[in-house]
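Each chain gets a letter, A, B and so on, in the order the sequences are listed, and its residues count up from 1. Model, not experiment: these values are computed from the prediction.
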Amino acid sequence: MPFPVTEIPKTYDPKQVEPRWYAAWERSRLFEASEASSRPPFSMAIPPPNITGSLHMGHALNNTLQDVLLRFYRLQGYEGCWVPGTDHGGIATQNVVEKQLLNEGRSRTDLGREAFLRRLWSWKEECGDTILHQLKRLGCALDWSRKRFTLEDPCAQAVLEAFRLFWEQGLLYRERRMVNWCVRCGTALSDIEVEHEDRQDKLYYVRYPSRENPGDFLVVATTRPETILADMAVAVHPEDARYQGWIGRRLLRPLNPGGKVSEIAVVADEGVDREFGTGALKVTPGHDPLDYEIAQRHNLYDFLEVIGLDGRMREHTGPPFAGSDRFEARRLAEAALREKDLLEKEEPYRHSVGVCYRCGEVIEPLLSYQWFLRMGALIAPAIEAAREGRLRFYPESWRQPYLQWLENLKDWCLSRQIWWGHRIPVYYCGNCHQDELFFRPDPKSAWSRHSPTVVGSHRTPAGVYGSYRGMREALGAKAYQTALQGADRMWVRTPRGPMCKLEAPARCETCSGTEIFQDPDVLDTWFSSALWPFSIWGWPKSSRAFQKFYPTHTLVTGYEILYLWVARMVLFGCYFLKREPFARVLIHGIVRDAKGKKMSKSLGNVVDPLEVIDRFGADALRFSLIQQAVPGRDIQCTEDSWVGARNFANKLYNVSRFVQMQLSGARPVGPDRASLAHLADRWILSRLCATQLQVGRSYGECRLDEAARCLYSFVWDDFCDWYVEFAKLRTPAPLSVLLEVLSRIFRLLHPMMPFLTEDLWHRLFPVSERDFLLNSAWPRSLEDFSDPEAERRMQHLQEVIGAIRTLRHQMRLSPVAPLEAHCLFREDSLAELFAEHAGAVKRLARLQALYLLREEKKPPHCATLLVSGGEIFVPLGGQMDVGRERARLEESLQAMDQEVVRLDARLSNRSFLDKAPAREVEKVRSRKRELETQRQGILRRLASVQ
RNA sequence: GGGCGGUUAACUCAGUGGUAGAGUGCCAUCCUUACAAGAUGGAAGUCAGAGGUUCGAAUCCUCUACCGCCCACCA
């Protein structure tokens, strides 16, 4: 009894299926890995999304790829463990919450550090897991029992421990240095957190008067005239003939803090580019990294610093500059120079400007106290790992950039002057540290009224520098306490060295003083990210999970965070554990919109993955992304690609429905090689064998895109279009093969389309509710079923069926016009083949009759088809259009002639015959023979068609 | 300034030495009892350009053009 069609809907509805299965998986704790398992481990650490925002296409792609790998390796018999988690996201998250406060008309200093942090934690509780929850809709097989957050234990503990270990090894130091300062975020950034943007600016040519003869100028080109106020010298190239006479002379600084004119020297330095501008460079060591280096080379240590941490000109610059924004100051400087007739000219100039990767504000190079990590000792192992193949990149082309980055690596600026993050575990003693502090007080506090009197300090709009002891003395104990509470932050220079402790010490180790305070800075959020592949398992504590699952197997990520994150994980993993944190890095591209533009909120071109899931299903979204995810290459996401993937899902759904309808009570046993009699059976299993091999290989080599395309074409072209069409004619239906093929398709495809395959698996096979596909196994090898002979024979049938279908169109016949075919084959085996499968050929070519001729007995009024190994005559009777038939034959004759010419050219080429492999030559020869035979046939037909 | 990647059908892209592929779109025909989210057939490409290596090049090498990305102390 066929299953009544009406009971199963004709189109697949993912909405009915997907949520149900994810719930079932979770209920059964299907994704929870066991460290006690004897199966080999396959572990992955999710790239933890920041707790800002919600799922976007990039996450969807990244996590789909991971889920495919996880599910594939689980089917392969591995103990799969994929750890979910989120990143506190330092500056990014703090910015989000600060923006909220701003809308309420408040700032973080209004709240104070503690209240602000409380607010961030409640944000985290509220929105932090949004993305993780959304990943469930995508089907991700994450082990929820192991969810981590970078700011909580065990990850937070790992951060402290890592810092302490670095400290003990002497790799940490605190120094006043030129760093990238974001005046908007109010923090230092590491070098890779600075992005470069091309900007249209002006290049100013400024006259620096000679001291001896103020009418004599040396002209310097600069884009930043506001920093002239902090110029300490002018540098020229030592071999620049134009300036030999100037070296060693004194110049008058064109603009001066407080208007007090002072002198600067002309120095010679190799660092100067003679080609640029006038070949003379103004040296501003307080606000430019190159100038800082040059100044050091010339022992210029007494720098002027004119731009404050808030991006405004500092007080001592005097009118009209003091207090103005640095860009406003640029215009003021331009005007002042013009007024003094020191501006020779200006020209439009395009150059790249460093901006903050979090807020886009132009970076200000500034001197400030920061914590740095010495990278020198960490680099070599990370390089070796990649050189020696213990760490592999997919695609390999990313290995070189990775190595180059490491080779040029400088020390890492770790400290951030924000509040949200891992507070640096360093403690200072109020008694015995002779320190210099920087306070940025709450403007409403009493402290700000006292500050101008502080000893030895200089003041900026941002705050006050001064010595710790000096401040206390100046303020008195009480006001000083208030100041400490109100202080936004402070930098401390420590002649005797502070203490690094996992917990706040009660008293000073040196003097037993109890006035202990912690370094106010937090660590770069990427510091905790670098520990992620081992902190998630509880490192530094050793645990069974850690033993079992570290190192992780594969890291999947986008190339945009290769340095920011991937390289640093390798550095840290190799350093702390002497073992790279993963063996493979699968690098995918960026998801772009239909026009190839990067998706961004500001462009308004973001496509919401959840919306795509609603419309097309998670499986369709996944399959579409996978299909396009050639390693390292960007992906365009378009409506079309979702539709195509959804149609594929529907195709598989329907072919399964078809098989289901054939099922009656008894379940057939699986086919075995010996008893496979039917050509179609042998053929489809042979094709399946090749497909399974290819798909397995592709999955294993991180070519998920390849696996997707391979399965797509097997399912659609081979199975649906040919095998099932053959099967429809057979009674009883070849259920054992149909089910075997489907059962294998489900398992091969499950990593990419988990919901649909799970659903169909349960519908078609007598498995219990809890026998999940993910717990089944990758199908055993089909190599026994490989059958090239069957594939060849099938090809003959396909060719003839195709030729007759084409003929109908060429002769403008209706697809249902009654036709018969008379076949004449040169080999008996072919005749037997067609005799055996006459039914299928008749049906698929829609013939009324199929005759096999023993000798040439061409019926009258017929069209002739030349096929491999024979000819097919199709009588057309009254519908025969002689002219059309002649044209058709002539056209194919022409095509053959062209091909023959090409083949002849190759065969008459001595060096081809001599040098090409014999197999290749034989291929050409046999093609030529076949063509010749067909050609003769056509010529005979042409002669007889009147 | 250095480096990397791309340029293949109208569109989006596969294809690393044997003579060009897919999906979508287009044209034509078809409600053939799994699927119109389908079936069948078709048109459509000097594989960016030039040179080289090779019996043979979309594929390897060199150069050029355009597009994109990364790195760099472009004052």
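- Within the 4.0 Å cut-off from OP1 or OP2 of B/C71, not a single side-chain nitrogen or oxygen of A/His196 is found.
- Heavy-atom distances to RNA chain B give each of A/Asn909 and A/Arg646 a nearest nucleotide, and the one nearer the 5′ end belongs to A/Arg646.
- Spacing between atom CD1 of A/Ile804 and atom C1' of B/U29 amounts to 17 Å, rounded to whole angstrom units.
- Between A/Lys282 and the phosphate of B/A75, there is no side-chain N or O to OP1/OP2 separation shorter than 4.0 Å.
- The side-chain tip of A/Arg568 points at the ring of A/Trp412 from less than 6.0 angstrom away and within 45° of straight on.
- Nucleotides B/G15 and B/G52 are separated by 24 Å at their C1' atoms, to the nearest Å.
- The pair A/Glu226-A/Arg224 meets the salt-bridge criterion, with a side-chain N (NZ, NE, NH1 or NH2) lying under 4.0 Å from an Asp/Glu carboxylate O.
- Put simply, the side chain of A/Arg622 gets close to the backbone of A/Met752: a donor and an acceptor are under 3.5 Å apart.
- Taking CG from A/Leu621 and CZ from A/Phe616, the interatomic distance works out to 10.0 Å, rounded to the nearest 0.5 Å.
- No hydrogens or angles were tested; on distance alone, a donor-acceptor pair under 3.5 Å links the side chain of A/Lys651 to the base of B/C35.
- When the nearest nucleotides of RNA chain B are assigned to A/Tyr712 and A/Ser911 by heavy-atom distance, the more 5′-ward of the two goes with A/Tyr712.
- A donor-acceptor contact under 3.5 Å links the side chain of A/Glu725 to the base of B/A34.
- For the strand RNA chain B, secondary-structure stems (runs of at least three Watson-Crick or G-U pairs, all distances below 3.5 Å) span B:1-7 with B:65-71, B:10-13 with B:21-24, B:26-30 with B:38-42, B:48-52 with B:60-64.
- Separation of the C1' atoms belonging to B/U33 and B/A28 is 26 Å when rounded to the nearest angstrom.
- Rounded to an integer number of Å, the gap from CD of A/Glu706 to P of B/A14 is 12 Å.
- One donor-acceptor pair, N or O on each side, does fall under 3.5 Å between the base of B/U19 and the side chain of A/Arg906.
- By the 6.0 Å and 45° rule, A/Lys728 stacks over the aromatic ring of A/Phe658.
- Residues from residues 288-298 of chain A with heavy atoms under 4.0 angstrom of RNA chain B, sorted by number: A/Leu290.
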